Amino acid sequence: MAEEIVNVNEFEEIARRVLPKAFYDFIAGGAEDKHTLKENVEAFRRMTIRPRVLVDVSRINMSTTILGYNVSSPLMLAPTGMHQLAHPEGEVATARAAAASKVIMVLSYMSTCTVEEVASCCDAIRFYQIYIYKRRDIATLLVQRAESCGYKAIVLTVDTPRLGRREADMKNKMTLPQLRNFEGLLSMKVASDKEANVKAFTDETFDASLNWKDISWLRSITKLPILVKGILTAEDAIKALEASIDGIIVSNHGARQLDYSPATISVLEEIVHAVKGAVPVFMDGGVRRGTDIFKALALGAQAVLIGRPVIYGLAARGEGGVRTVIEMLKNELELTMALSGCPAVKDITRHHVTTERDRLQSKI
Ligand SMILES: Cc1cc2nc3c(=O)[nH]c(=O)nc-3n(C[C@H](O)[C@H](O)[C@H](O)COP(=O)(O)O)c2cc1C
Ligand SMILES: CC(C)CC(=O)C(=O)O
């Protein structure tokens, strides 16, 4: 009989048991000392919730809209590379789970299934994440392919001019498979290395000259809304607005890029204040509980994205595992809303949480 799983964290241990060590380490790992990796989770724990009582919570409505699309709850599946490392059905299984749970999936540029396979397998609402390689023609082609098969937005990841230092991957000599989206366009093998070493590939292929001026180039190749993923400061949020982007994802890439960058939940509010409602702000990093989603919404996020738990669910139980991860987080959020006196997403306000900063300020 399958082991009873009661929260999404428990999928990690199953994933660790079923996956080859190098794959598990790649998924679970963070940059250098993994300070930010721990902080992404711990910073949520330092926030508390201020529940309100005697509110009619006999019906809880978690539904919301994201860029105008109706979704069942304020959570999306973060773009994470190479789902076939976790399960043979890869991103197709993940997309089917997203469709079943009526949440948005963001497909990674580094996906193992093709953009067309993921588009045709189900009716999930899909966004497409991109990296910009030195070969810009590849992004142009992939964005056109994604647009023509119904992806609804482009998510430009801006925190990866080079890959962070992930020491487990160095020890394990983690390599990339040939990604089928790029077949005939680009080999994953790199000149500096006989193998498709993840870091060597990224450092050689990604365009480190990418800058704010390039957003207008991206605009020129797509009609889709553009979200930027990887903003951690108010200054950059303002630059993003000046570049006329359509949404911001506050993210430190799941702590895989710059170690000692701040926990995302700790900078969310600064960015929300800078944006002043001009565009939606989303966040990811360390979201493992419904209470975490509630806290992010209270600080002004319109929705959160979930990274590792989705891959762990996929590794443990395929499509059904991803569905369980989504449903567990939704159920926990629903309970949190009921116990906090918030019958709808719009009822979750800044007054419903206390942050570390609030506590420090109250002492002054
Ligand atoms: C295995 C793995 C692969 C990832 N691949 C990508 C990617 O291809 N593109 C991207 O923008 N972010 C990528 N990310 C970062 C996620 O989109 C997201 O920011 C992060 O996982 C959120 O943190 P969490 O895992 O704590 O939920 C990846 C993260 C992981 C764990
Ligand atoms: C293969 C990597 C570039 C995918 C990624 O973004 C990550 O591992 O964080």
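Here the structure is a predicted model, which is why all the values come from computation and not from measurement.
Looking only at side-chain heavy atoms (C-beta outward), L232 and D236 stay at 4.5 Å or farther from each other. Two residues are said to be in side-chain contact when any heavy atoms from C-beta on lie closer than 4.5 Å; I249 and V228 fail this criterion. No side-chain heavy atom of N252 sits less than 4.5 Å from a side-chain heavy atom of Q257. Side-chain contact between L156 and L227 is absent, with no heavy-atom pair separated by less than 4.5 Å. Side-chain contact between M174 and K199 is absent, with no heavy atoms from C-beta onward closer than 4.5 Å. Q302 places none of its side-chain heavy atoms less than 4.5 Å from the side chain of V281. Between M47 and E356 there is no side-chain heavy-atom pair separated by less than 4.5 Å. Side-chain contact check for L258 versus D159: every heavy-atom pair is 4.5 Å or farther apart.
Contact between K134 and F206 at its shortest, heavy atoms only, is CE-O, 3.6 Å. Smallest separation of non-hydrogen atoms from I14 and R317: CD1-NH2, 4.4 Å. Of all the heavy atoms in V118 and A95, the pair that sits closest is CG1-CB, 3.8 Å. Across all their heavy atoms, W212 and A243 have their closest contact at CE3-CB, 4.2 Å. Pairing each heavy atom of A43 with each of I265, the nearest pair is CB-CG2, 3.5 Å. Nearest heavy atom pair, residue I271 against residue A237, reads CG2-CB, 3.8 Å.
Annotation: Y133 is in aromatic contact with F182 [ring centroid separation under 6.0 Å].
Judged purely by atom type and a 3.5 angstrom limit, K295 uses its side chain to pair as donor or acceptor with the backbone of F44. The main-chain N or O of T36 is found under 3.5 Å from a side-chain atom of D259 such that the two form a donor-acceptor pair. In this structure, the side chain of R308 does not engage the main chain of E12 through any donor-acceptor pair within 3.5 Å. Here the side chain of E39 pairs no donor or acceptor atom with the backbone of H35 at under 3.5 angstrom. In this structure, the side chain of D207 does not engage the main chain of T205 through any donor-acceptor pair within 3.5 Å.
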(request) Before giving the answer on salt bridge (Lys or Arg N to Asp or Glu O under 4.0 Å), spell out for R323 and E319 the whole-Å C-alpha distance, their side-chain angles and the decisive distance to 0.1 Å. (result) CA-CA 6 Å; R323 216 174 323 136; E319 178 189 334; 3.2 Å; yes

(request) I would like to know whether R350 and E269 meet salt bridge (Lys or Arg N to Asp or Glu O under 4.0 Å); could you show each step before the answer? (result) CA-CA 10 Å; R350 181 63 179 86; E269 192 167 28; 2.4 Å; yes

(message) T354 vs R359, test: side chain to side chain contact (heavy atoms under 4.5 Å, CB included). Steps then yes/no.
(response) CA-CA 7 Å; T354 304; R359 276 195 295 274; 3.9 Å; yes

(request) Test T324 against I5 for side chain to side chain contact (heavy atoms under 4.5 Å, CB included), laying out the working first. (result) CA-CA 9 Å; T324 306; I5 299 284; 5.5 Å; no

(request) Starting from the C-alpha separation in whole Å, work towards a yes-or-no answer on side chain to side chain contact (heavy atoms under 4.5 Å, CB included) for K229 and D284. (result) CA-CA 9 Å; K229 172 172 180 282; D284 71 20; 3.4 Å; yes

(request) Would you check, one step at a time, whether the test salt bridge (Lys or Arg N to Asp or Glu O under 4.0 Å) holds for E116 with R145? (result) CA-CA 8 Å; E116 291 81 7; R145 278 168 57 186; 2.8 Å; yes

(request) Report the C-alpha distance between K171 and D25 in whole Å, list the side-chain angles of each, state the deciding distance to 0.1 Å, and finish with yes or no for salt bridge (Lys or Arg N to Asp or Glu O under 4.0 Å). (result) CA-CA 10 Å; K171 279 193 203 288; D25 286 354; over 6 Å; no

(message) Could you walk me through whether N181 and V115 satisfy the side chain to side chain contact (heavy atoms under 4.5 Å, CB included) test, starting with their C-alpha distance in whole Å, then the side-chain angles of each, then the deciding distance to 0.1 Å, before giving a yes or no?
(response) CA-CA 7 Å; N181 271 328; V115 288; 3.9 Å; yes

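With rounding to the nearest 0.5 angstrom, the CG atom of L297 is 10.0 Å from the CE atom of M283. Interatomic distance, CZ of R96 versus CD of E89, reported as 6.5 Å (0.5 Å rounding). Note that OG1 of T336 is 5.5 Å distant from CD1 of I49, once rounded to the nearest 0.5 Å. Residue T112 holds its OG1 atom at 11.0 Å from CG of L176, rounded to the nearest 0.5 Å. Note: I293 CD1 to E332 CD = 8.0 Å, rounded to the nearest 0.5 Å. Atom NZ of residue K239 and atom CD1 of residue I231 lie 11.0 Å apart, to the nearest 0.5 angstrom.
Linking ILVMFWY residues whenever their side-chain heavy atoms come closer than 4.5 Å, directly or via other members, leaves I306 and L37 in distinct clusters. Linking Ile, Leu, Val, Met, Phe, Trp and Tyr residues whenever their side-chain heavy atoms come within less than 4.5 Å leaves V106 and V310 in two separate clusters. There is no path of hydrophobic side-chain contacts, each under 4.5 Å, that joins L305 to I154. Linking Ile, Leu, Val, Met, Phe, Trp and Tyr whenever their side-chain heavy atoms come within less than 4.5 Å leaves V250 and I66 in two separate clusters.
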Would you tabulate the side-chain donor-acceptor contacts of residues 52-60 under 3.5 Å, counting partners in other chains and residues two or more places apart, or write 'none'?
residue	atom	partner	partner atom	Å
D56	OD1	S58	N	2.9
D56	OD1	S58	OG	2.6

Name each donor-acceptor pair under 3.5 Å that joins a side chain in residues 71-85 to protein atoms two or more places apart or in another chain, with its distance.
residue	atom	partner	partner atom	Å
S72	OG	S101	O	2.7
S72	OG	K102	O	3.2
S72	OG	K330	NZ	2.9
T80	OG1	H83	NE2	2.6
H83	ND1	T94	OG1	2.9
H83	NE2	T80	O	3.1
Q84	NE2	P88	O	3.2

Which side-chain N or O atoms in residues 124-132 pair as donor and acceptor under 3.5 Å with protein atoms at least two apart or in another chain?
residue	atom	partner	partner atom	Å
R126	NE	A124	O	3.3
R126	NH1	C149	O	3.3
Q129	OE1	Y109	N	2.9
Q129	NE2	T157	OG1	3.0
Y131	OH	H253	NE2	3.4

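For the pair R256 and F26, the cation-pi criterion (under 6.0 Å, within 45° of the ring axis) is fulfilled.
Side-chain contact of E91 with S111: a donor-acceptor pair under 3.5 Å is absent, judged by distance alone. In summary, the side chains of T355 and D358 do present a donor paired with an acceptor at a separation below 3.5 Å, with no hydrogens or angles considered.
Atom CZ of R135 has more than 12 neighbouring heavy atoms from other residues, nucleotides or ligands inside a 6.0 Å radius. The local environment of NZ in K38 is crowded, with over 12 non-hydrogen atoms from other residues, nucleotides or ligands closer than 6.0 Å.
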